[in-house]
Amino acid sequence: MKKQKVYEADDKMISILQDNYDVLRCLGAFGINLGFGNKTVKELCDSQGVDSFTFLCIVNYTINGYLGVDDMARLSVPTLMHYLQASHEYYLNFELPFIRKELAGTLNPSDNMAPLIMKLYDEYAHSIRHHMKYEEKTVFPYVDSLLQGKARDNYDIDTFSKHHGQTDVKLRELKNIIIQYLPADGQRNNQLCATLYDIYNCESWLAQHSEVEENIFIPAIRQLEKRVKQNDVSIKLSHMINKNQDSEALSDREREVIVCLVQGMTNKEMADHLCISVNTVITHRKNIARKLQIHSPAGLTVYAIAKGLIDISAVKL
């Protein structure tokens with residue numbers, strides 16, 4: 001009997017399996033082998049090089065729908081990627097071929113419905129393979145580039161999300177045709193029922209896999225994108241500032257003008273504050289732009305803070 005509870009790192013793995021045998025499939029996808037004795041989740045994951053938080057996040061979500069959204073930043077994207085890639089491998093190289101062979105063995109070759117059913121299954125298998133291969137060729141390499149700190153301007157995870165969805169419609173049609181229209185004798189009926197049971201499990205697993213991608217994988221990659229892009233901006237700003245260090249030195253008066261600028265003063269206010277003419281203020285601003293190659297107030301603000309010309313608390317954000 002399945003038990004609905006939120007499992008934690010110090011729970012015994014054997015206890016989780018006794019409560020919910022569906023977790024067996026998760027073990028293989030995470031690369032965790034059987035024969036682990038009486039280890040806790042934390043002990044077992046550590047010994048297998050698996051992030052225990054990510055493992056528990058997926059297990060708890062797939063068992064009872066629990067999702068700690070406040071802790072999503074703790075997810076290990078490499079562990080999550082391994083889980084999804086191994087799930088694809090299991091589904092494409094084992095589950096799909098296994099069900100096809102099982103289905104072909106249960107159908108009566110003399111039944112006119114048999115070729116139609118096999119055609120429908122093959123169309124379903126093709127759509128699933130196409131969907132998963134897209135992820136492997138496009139989405140997963142994109143995430144790998146993010147993990148290496150490389151942001152891309154021509155793709156993001158929201159592009160994938162807009163086209164992501166369940167692809168099990170043909171499988172549902174196949175299941176209904178078998179139940180409603182396929183006649184069978186006693187022996188063949190038992191075989192069909194066993195095959196249907198596997199198809200139902202396949203349908204349930206596919207829906208679950210899609211939900212994990214939608215509610216765990218995609219949000220995790222959004223956060224990764226945000227971190228990488230922030231780092232990219234910081235690197236560019238640092239490069240800009242370091243480049244400017246070799247530029248023509250600013251005069252003391254030009255530094256004072258920068259401080260006034262980032263404080264939001266107008267040319268007239270700066271002239272009054274510094275006891276110079278408005279024309280002189282304009283000249284200083286042109287010289288500053290030429291020397292620093294910074295032409296926006298935002299860029300000058302970053303420069304002033306980085307150079308210690310002004311404290312960030314004095315800046316109007």
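Nothing here was measured: the structure is a model prediction, and the numbers come from that model.
- The pair Arg285-Glu254 does not count as a salt bridge, with every side-chain nitrogen at least 4.0 angstrom from each carboxylate oxygen.
- In this structure, His130 and His126 have parallel ring planes: the angle between them is below the 30° cut-off, well short of the 60° mark.
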| query | Does the pair Asp22 and Trp205 meet the rule for a side-chain contact (heavy atoms from CB on, under 4.5 Å), with working shown? | reply | CA-CA 10 Å; Asp22 286 343; Trp205 181 87; over 6 Å; no
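- For the salt bridge (Lys or Arg N to Asp or Glu O under 4.0 Å) condition, the pairs that include at least one residue of residues 44-58, sequence neighbours left out, are Lys42-Asp46.
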| field | Residue pair Arg255, Asp252: steps toward the salt bridge (Lys or Arg N to Asp or Glu O under 4.0 Å) verdict | value | CA-CA 5 Å; Arg255 291 190 182 92; Asp252 291 340; 3.2 Å; yes
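- Although no hydrogens or angles enter the test, the distance criterion places a donor-acceptor pair under 3.5 Å between the side chain of Arg129 and the main chain of Leu92.
- With contacts defined as side-chain heavy-atom distances shorter than 4.5 Å, the pair Asp11/Thr40 does not qualify.
- Residues Leu250 and Ile258 are in side-chain contact: their nearest non-hydrogen atoms beyond the backbone lie under 4.5 Å apart.
- You'll find the side chain of Lys286 stays beyond 4.5 Å of the side chain of Lys291, heavy atoms only.
- Less than 6.0 angstrom separates the ring centroid of Phe140 from the ring centroid of His88.
- Considering only heavy atoms from C-beta on, Val41 stays 4.5 Å or farther from Tyr7 through its side chain.
- Here the side chains of Phe217 and Leu80 are in contact, with some heavy-atom distance below 4.5 Å.
- Side chain to side chain, Thr280 and Thr283 fail the donor-acceptor criterion of an N or O pair below 3.5 Å.
- A salt bridge between Asp156 and Arg222 is absent, with no side-chain N of the basic residue lying under 4.0 Å from a carboxylate O of the acidic one.
- Using modelled atom types and a 3.5 Å distance limit, the side chains of Glu135 and His131 yield a donor-acceptor pair.
- Here Glu256 pairs with Arg253 in a salt bridge; the nearest charged N to carboxylate O distance falls below 4.0 Å.
- If you check the side chains of Gln85 and Tyr90, you find no donor sitting under 3.5 Å from an acceptor.
- Counting heavy atoms from C-beta outward, Asp198 and Leu103 have side chains that stay 4.5 Å or more apart.
- Counting only distance, with no hydrogens or angles, the side chain of His209 and the backbone of Ser87 share no donor-acceptor pair below 3.5 Å.
- No donor-acceptor pair closer than 3.5 Å links the side chain of Gln48 to the backbone N or O of Cys45.
- The two atoms that bring Leu24 and Leu17 nearest to each other are N-CD2, 3.8 Å, heavy atoms only.
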